[in-house]
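Values reported hereafter were calculated over all heavy atoms of this structure, with side chains retained and with hydrogens, waters and symmetry mates removed. Lettering follows sequence order; numbering is per chain, from 1.
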Amino acid sequence: MSAQSIQDQLSATILEVLHSAKSNGLLNCEIPAALTLERPKNRDHGDYATSVALALAKPSGKNPREVAQILIDGLTGNKDIESLEIAGPGFVNITLAKASQGAVVSAILQQGNKYGHGNSLNGVAINLEFISANPTGPLHLGHTRWAAVGDALGRVLSAAGARVTREFYINDRGNQMDLFGASLQAAALGQPTPENGYHGDYIHDLAKQIVADHPQAKSLEEFRDYGYALQLKQQQGVLENFGTHFDVWFSEKSLYDNNFFDHSMATLKSNGHVFELDGATWLRTTDYGDDKDRVMIKSDGSFAYFASDTAYYISKRERGADICIYMLGADHHGYVGRLKAIAACAGDDPEYNIHILIGQLVKIMEGGEEVKLSKRAGTIITLEELVEKVGVDAARYTLIRYPVETPMIMDVDLLRSHTNENPVYYVQYAHARICAVLRNVADLKISYGVDQVHPELLEHERERELLGALAEFPRIVAGAAEMREPHRIARYAEELAGIYHRFYADCRVLPLGDEKPSELHSARATLCAATAQVIANALELLGVSAPEKM
RNA sequence: GCGCUUGUAGCUCAACGGAUAGAGCAUCUGACUACGGAUCAGAAGGUUAGGGGUUCGAGUCCCUUCAAGCGCACCA
């Protein structure tokens, strides 16, 4: 069958009708390339509704209801459509024919775990960089948000057809590393932590580990390098356990070790945006809207952090990325201008080749008040601790279900003491419930599957609602990928779960008592199987498990 | 001072410029001697921070005021 959803088909049909109305002289205005065709919130408004008549009223010089009528005349008789009506100021509400609406069930069962995947980003190579924490301490709550959202976004982009490289940038160069080494050294020698040094129990634990592994370690450099290796390994282990995978762990230091920086500098120079001033080497980022120009090589000959940013971007592009996505915390929003300018200075289109997502920081409530987080002061809540408290599924789901640009507050006490109130359980429960029903279906030897769809029997309001929701999934995935908003998947999963629960309450799947199994039972069981598949697919995109029993 | 982000139900948060602004939690009232009650049905809860504007139509776009958070280094 066609991979095109019924909604896409309808869209195309409506556009055809409008174009032919134009060539027949019924409409004398431009026909838009795309139109809004959505599922109305109110079920009385049909399966789909379009407001295109309202939009075309003015340019065509007609009353919106007249335009709507033209559209209806053109659509009447279409085999996919059961009924049409004009509503309100000029909305056209469309109710689908049962067979057309039921076709989605076959599509889901045939495509299995690929249902929902699309090709909107086919052939696009995307470099997705997230977390990129300093290797000087454990990952904390801020990183955790990106660990969940970044991973989910990677899955969503892949589902839309993109070739995704997930990358973690390791800031393994500069003063912070030396400070880290000095802090470890001091801890090992029982000396006070240096000025601006790193505090916290983990420093002492790391120091002990280093002394145990390398009794000869004395110098700051030794402590720094051994500590770095241990800390990086710890971060990698925690992320692996969290279900977040990276394809590339990119060392900032490596940009200099193999002279890549000189190469990237040459690119920037040849584009004419590099200049010397006061003994320093600058990039003229103000050519592309940045607030001020940025220093790459300081007057003392050392590299500014910004130098790495330029080389790193160019590295990503030269390694094949069409689009570089950066996921940054809100405390780095001032970087947007300069990063976009780097892309422009490198000769790229800052509107296409680079995309920066700014995520608000997570606040955490415990004991009714906000916990102030500070790595230096040692008051941090780590990714590990959060997982210990609420589990991987709940942690990931909670972090993903909100758009990143909104600040979020996690109430640890609530998550800890009432874990079953978390929406993730609502969704997982729907999946487990369906699995239980299907186990019963199998026990009763009721057949279900692609050959048992029987769309004409699925006429209950709840069944139609469920079919409509299932058909939405591919659009949700494509939209989440396009907008880089994985939270849409979670919201959809919750809506689908809710619709299933309501269907379940109103529509009996199994035969009652000694009632004989009928085609309706098979049809409903098949509908259940399709729903379980879609819930599982949605959870898979979030990296959250879809349990068969809870 | 300049800039970015945010302001929606008691709380946490949704809502491609679309119809009566929605969920969950909390509160109240109900529902299986038949599929998993981690569920369902219902009630209550709102001047979408305030004020202007754009248009067929604004929580959404523009201007402005207020409030909160965060940035404005030859630090990383």
Side-chain angles (χ1 to χ4, degrees), chain A residues 34 36-38 40-42 44-45 49-51 53-55 57-58 63-64 87-91 93 134 136 171 173-177 179 196 252 277-282 291-292 294-306 308 329-337 358-361 363 365 398 401-403 405-411 414 418-423 425-430 432-441 444 475 479 482-483 487-488 490-491 494-495 497-498 500-513 515 524-525 528 549-550:
Chain A
T36 58
L37 180 70
E38 54 186 18
K41 292 171 205 144
N42 187 334
D44 294 338
H45 295 153
T50 179
S51 61
L54 289 165
K58 198 166 198 179
N63 176 311
F91 290 99
N93 296 337
N134 290 336
T136 55
N171 299 130
R173 200 188 67 85
N175 300 345
Q176 296 300 319
M177 291 305 295
L179 210 45
N196 295 324
E252 178 191 356
L277 181 70
D278 298 336
T281 304
W282 302 65
D291 300 334
K292 55 189 77 168
R294 306 287 169 181
V295 169
M296 291 191 285
I297 304 176
K298 295 186 261 183
S299 50
D300 67 1
S302 64
F303 298 107
Y305 185 76
F306 181 71
S308 304
D331 53 341
H332 287 74
H333 71 250
Y335 289 36
V336 174
I358 295 298
Q360 295 294 320
L361 305 184
K363 285 184 187 171
M365 300 283 287
T398 304
R401 76 186 286 264
Y402 305 109
E405 68 268 20
T406 62
M408 68 172 288
I409 300 177
M410 284 183 100
D411 188 329
L414 189 102
H418 309 292
T419 53
N420 58 349
E421 289 168 3
N422 192 301
Y425 293 99
Y426 184 80
V427 177
Q428 290 183 317
Y429 179 69
R433 191 180 223 185
I434 296 172
C435 290
V437 170
L438 292 178
R439 284 192 291 270
N440 295 337
V441 164
L444 294 172
R475 284 213 161 202
E482 183 195 333
M483 291 184 266
H487 79 274
R488 290 173 182 276
R491 298 290 167 169
E494 287 166 36
E495 188 189 331
Y500 180 78
H501 286 311
R502 289 188 282 280
F503 155 81
Y504 179 88
D506 288 354
C507 297
R508 176 84 196 181
V509 177
L510 298 177
L512 272 173
E515 184 187 0
R524 285 181 172 169
C528 285
K549 291 180 180 174
M550 292 175 73

Taking rC32(B) as the reference, what is the distance to rG45(B) when you measure between their P atoms (whole Å, please)?
28 Å

Per nearest nucleotide of RNA chain B, the residue lying toward the 5' end, Met483(A) or Ala430(A), is Met483(A)

When rounded to whole Å, the CG to P distance for the pair Leu54(A) and rA58(B) reads 13 Å

In whole angstroms, the gap separating C1' of rG18(B) from CG of Leu37(A) amounts to 13 Å

| message | Any side-chain to backbone donor/acceptor pair from His333(A) onto Ala330(A)? Under 3.5 Å, distance only. | response | yes

Ranking Phe503(A) and Pro89(A) by the position along RNA chain B of their nearest nucleotide, the one closer to 5' is Pro89(A)

Taken to the nearest whole Å, CD1/Ile409(A) to P/rA68(B) is 15 Å

Scanning all shown strands, the Watson-Crick or wobble mate of rG59(B) with both distances under 3.5 Å is none

Quiz item: So, Asn42(A) side chain and Asp44(A) main chain: donor-acceptor pair closer than 3.5 Å or not?
Solution: yes

Quick note, Val509(A) side chain, CB onward, closest among rC35(B), rA19(B), rU39(B) is rC35(B)

Validation row: Arg491(A), Tyr402(A) side chains within 4.5 angstrom (heavy atoms)
yes

message = If the cut-off is 4.0 Å, is Arg433(A) near the phosphate of rG37(B), judged by side-chain N/O to OP1 or OP2?
response = yes

Rounded to whole Å, the NZ-P distance (Lys292(A) to rC72(B)) equals 8 Å

Scanning all shown strands, the Watson-Crick or wobble mate of rG22(B) with both distances under 3.5 Å is rC13(B)

Using atom C1' in both nucleotides, what's the gap between rU65(B) and rC28(B) to the nearest angstrom?
40 Å

Which of rA19(B), rC70(B), rA76(B) is nearest the side chain of Asp331(A)? It is rC70(B)

When both distances are under 3.5 Å in a Watson-Crick or G-U wobble arrangement, the nucleotide paired with rU33(B) is none

To the nearest angstrom, the OH-P distance between Tyr500(A) and rA23(B) comes to 21 Å

Taking 4.0 Å as the cut-off, does a side-chain nitrogen or oxygen of Lys41(A) come that near to OP1 or OP2 on rA19(B)?
yes

- prompt: According to a strict under-4.0 Å criterion, is Tyr425(A) in side-chain N/O contact with OP1 or OP2 of rC25(B)?
  reply: no

Under a 3.5 Å limit on both distances, the Watson-Crick or wobble mate of rA68(B) is rU5(B)

query = Any side-chain heavy atom of Phe91(A) within less than 4.5 Å of one from Pro89(A)?
reply = yes

**Asked** How about Arg439(A) and Lys549(A): do any of their side-chain heavy atoms sit closer than 4.5 Å?
**Response** yes

Closest of rG18(B), rA38(B), rC74(B) to the Glu38(A) side chain is rG18(B)

Checking rC74(B), rG36(B), rA76(B) against the side chain of Met550(A) (C-beta onward), the nearest is rG36(B)

| said: Both conditions, 6.0 Å and 45 degrees, for the charged tip of Arg433(A) above the ring of Tyr504(A): are they met here? | reply: yes

### Query
Does the rA76(B) base have a donor-acceptor partner in the side chain of Asn196(A) within less than 3.5 Å?
no

**Request:** With P as the reference atom in both, quote the distance from rA23(B) to rC62(B) in angstrom, rounded to an integer.
**Result:** 29 Å

**Asked** Within the pair His501(A) and rA23(B), is there a side-chain N or O less than 4.0 Å away from OP1 or OP2?
**Response** no

* Indicate yes or no: at least one non-hydrogen side-chain atom of Val509(A) is less than 4.5 angstrom from one of Phe503(A). => yes

In whole angstrom, give me the gap between the P atoms of rG18(B) and rG3(B).
30 Å

Atom CD of Gln360(A) and atom C1' of rG7(B) are separated, to the nearest Å, by 12 Å

Rounded to whole Å, the CD-P distance (Glu515(A) to rC35(B)) equals 14 Å

Rounding to the closest angstrom, what is the interatomic distance between rC61(B) and rG42(B) at atom P?
-> 33 Å

rA43(B) -> Watson-Crick or G-U wobble partner, both distances under 3.5 Å, gives rU27(B)

Scanning both residues in full, the closest heavy-atom pair of Tyr500(A) with Cys528(A) reads OH-SG, 3.3 Å

Task: hbond_proxy Thr36(A) side chain to rC16(B) base (donor-acceptor, 3.5 Å cutoff) - done: yes

message = If you go through the side-chain atoms of His332(A), does one of them form a donor-acceptor pair with the base of rG71(B) closer than 3.5 Å?
response = no

Rounded to whole Å, the CZ-C1' distance (Phe303(A) to rC74(B)) equals 14 Å

message: In whole Å, measure the gap between the P atoms of rC4(B) and rA41(B) for me.
response: 45 Å

* Asked: If only atom types and distance count, is the side chain of Thr36(A) paired as donor or acceptor with the main-chain N or O of Thr50(A) below 3.5 Å?
  -> no

Of rC35(B), rA19(B), rG18(B), the nucleotide closest to the side chain of Asn93(A) is rA19(B)

Can Phe91(A) be said to stack with the base of rA19(B), given centres closer than 5.5 angstrom and planes under 30 degrees apart? yes

Checking rG37(B), rU6(B), rA76(B) against the side chain of Glu405(A) (C-beta onward), the nearest is rU6(B)

Say you pick atom C1' in rA49(B) and the same atom in rA68(B); how far apart are they, in whole Å? 11 Å

Any Ser302(A) side-chain nitrogen or oxygen under 4.0 Å from OP1 or OP2 of rC74(B)
no

**Prompt:** Taking only side-chain nitrogens and oxygens of Arg488(A), does any of them come within less than 4.0 Å of OP1 or OP2 of rA15(B)?
**Reply:** yes

I'd like to check, for His45(A), whether its ring lies over the base of rA19(B) with centroids under 5.5 Å apart and a plane angle smaller than 30°.
yes

* Would you tell me if any nitrogen or oxygen in the side chain of Asn440(A) comes within less than 4.0 Å of OP1 or OP2 on rG36(B)? => yes

| Using the C1' atom in both, what is the distance from rG17(B) to rA31(B), to the nearest Å? | 41 Å

